[in-house]
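Below you'll find the structure, written out as structure tokens, and then a few comments.
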Amino acid sequence: MRSSLTLVGTLWAFLSLVTALASSTSYFLPYWLFGSQLGKPVSFSTFRRCNYPVRGEGHSLIMVEECGRYASFSAIPSLAWQMCTVVTGTGCALLLLVALAAVLGCCMEELISRMMGRCMGAAQFVGGLLISSGCALYPLGWNSPEIMQTCGNVSNQFQLGTCRLGWAYYCAGGGAAAAMLICTWLSCFAGRNPKPVMLVESIMKNTNSYAMELDHCLKP
């Protein structure tokens, strides 16, 4: 089984898969932001949270200790987090598509050429840029009432208050940075150049085909 990738291309495919999985897994896990409410730990991502208050008997607040996503897109606490959800999700989808194609290139001959690899690298750069933009948008939602209740009522945009950033936020940003800087550069050397013999055979085949068509048209 021959590969359409060079040795550098194989490394690129591996790193593309790692960065895509790191960013996408972090996107879905609600561990971007950690705080506390009613004495219980609370964590958020862009569209999910763990542990939330509900009204119990006697109208008192009790904490439900479970993780889940918001009931609807409009229920996400702030516009910034809604934008972050869409932008980051799009970037993760791009990275996953490129990673899948790169892994297939390890198993299939003539799937990824030098030019195709560079185009895929450009797609990785765009995907990483989108995820980075989502990470930059995330702090803009820290002034929403729901987040302030978790962060000691002293949080604001780019001010965490009593909360702290979680490992998933750093993992998503790190995966995006690696995709933009390392994977994009490696993609320039990932695909194999067409072999001269194959190019000559292709040219000869096309020339013979055109000659046969021309001969057929000239015959009375």
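Computed from heavy atoms alone, side chains included, the values below leave out hydrogens, waters and symmetry copies.
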Hey, can you tell me if Phe189 and Trp185 have their rings parallel, tilted or perpendicular (30° and 60° cut-offs)?
-> perpendicular
Can you see which heavy atom on [X] is nearest to which on [Y], and at what distance?
X	Y	result
Ile131	Ala172	CG2-O, 3.7 Å
Asn51	Glu65	OD1-CA, 3.0 Å
Tyr138	Ser45	OH-O, 3.2 Å
Ala123	Leu94	O-CD1, 4.1 Å
Leu140	Phe158	CD2-CE1, 3.4 Å
Ser43	Pro30	OG-O, 2.9 Å

Is it possible for you to check whether Arg69 lies under 6.0 Å from the centre of the six-membered ring of Phe47, through NZ or CZ, and within 45° of that ring's axis?
->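 Not flagged: Arg69 not positioned over aromatic ring of Phe47.
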What distance separates [X] [atom1] from [Y] [atom2], expressed to the nearest 0.5 Å?
X	Y	atom1	atom2	value
Gln157	Ser144	CD	OG	10.0 Å
Cys163	Trp142	SG	CH2	9.0 Å
Thr88	Leu137	OG1	CG	7.5 Å
Thr19	Met180	OG1	CE	12.0 Å
Cys50	Lys40	SG	NZ	14.0 Å
Leu111	Met116	CG	CE	7.5 Å

Output yes when a side-chain donor or acceptor of Thr25 lies under 3.5 Å from a complementary backbone atom of Ala22, and no otherwise.
->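 No, the answer is negative, given that no donor and acceptor are paired below the 3.5 Å cut-off.
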Sub-3.5 Å donor-acceptor pair from the side chain of Ser187 to the main-chain atoms of Ala190, do we have one?
-> no
Any chain of hydrophobic side-chain contacts (each under 4.5 Å) joining [X] to [Y]?
X	Y	result
Tyr170	Leu181	no
Phe28	Trp32	yes
Leu5	Leu104	yes
Leu97	Leu186	no
Leu79	Phe73	no

Decide whether [X] and [Y] meet the rule of one side-chain donor and one side-chain acceptor closer than 3.5 Å.
X	Y	result
Gln124	Ser16	yes
Glu66	Tyr52	yes
Trp81	Glu146	no
Thr46	Thr85	yes

With side-chain contact (heavy atoms from CB on, under 4.5 Å) as the test, would you mind laying out the steps for Cys67 and Arg49 before giving the verdict?
-> CA-CA 6 Å; Cys67 298; Arg49 82 173 271 172; over 6 Å; no
Crowding at [atom1], [X] (>12 non-hydrogen neighbours, <6.0 Å):
X	atom1	answer
Tyr70	OH	yes
Leu61	CG	yes
Met148	CE	yes

Cys84 and Cys135 SG atoms less than 2.5 angstrom apart | no
Please report the C-alpha distance between Leu11 and Leu15 in whole Å, then the side-chain angles of each, then the deciding distance to 0.1 Å, and finally whether the side-chain contact (heavy atoms from CB on, under 4.5 Å) criterion is met.
-> CA-CA 6 Å; Leu11 176 62; Leu15 289 178; 4.2 Å; yes
Yes or no on side-chain contact (heavy atoms from CB on, under 4.5 Å) for Leu29 and Trp167, after CA distance, side-chain angles and deciding distance?
-> CA-CA 10 Å; Leu29 292 178; Trp167 61 266; 3.5 Å; yes
Find out whether Gln149 and Asn153 are in side-chain contact, i.e. whether some heavy atom of one side chain is under 4.5 Å from a heavy atom of the other.
-> yes
Is there side-chain contact between Trp12 and Cys183, with heavy atoms separated by less than 4.5 Å?
->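 They are in contact (side-chain heavy atoms under 4.5 Å apart), so the answer is yes.
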Run through Thr162, Asn156, Val42, Leu160 and flag the one making a side chain to side chain contact (heavy atoms under 4.5 Å, CB included) with Cys151.
->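 In the set Thr162, Asn156, Val42, Leu160, the residue that makes a side chain to side chain contact (heavy atoms under 4.5 Å, CB included) with Cys151 is Thr162.
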When you look at Leu33 and Ile147, which way does the side-chain contact (heavy atoms from CB on, under 4.5 Å) test go after all the steps?
-> CA-CA 9 Å; Leu33 185 68; Ile147 307 305; 3.9 Å; yes
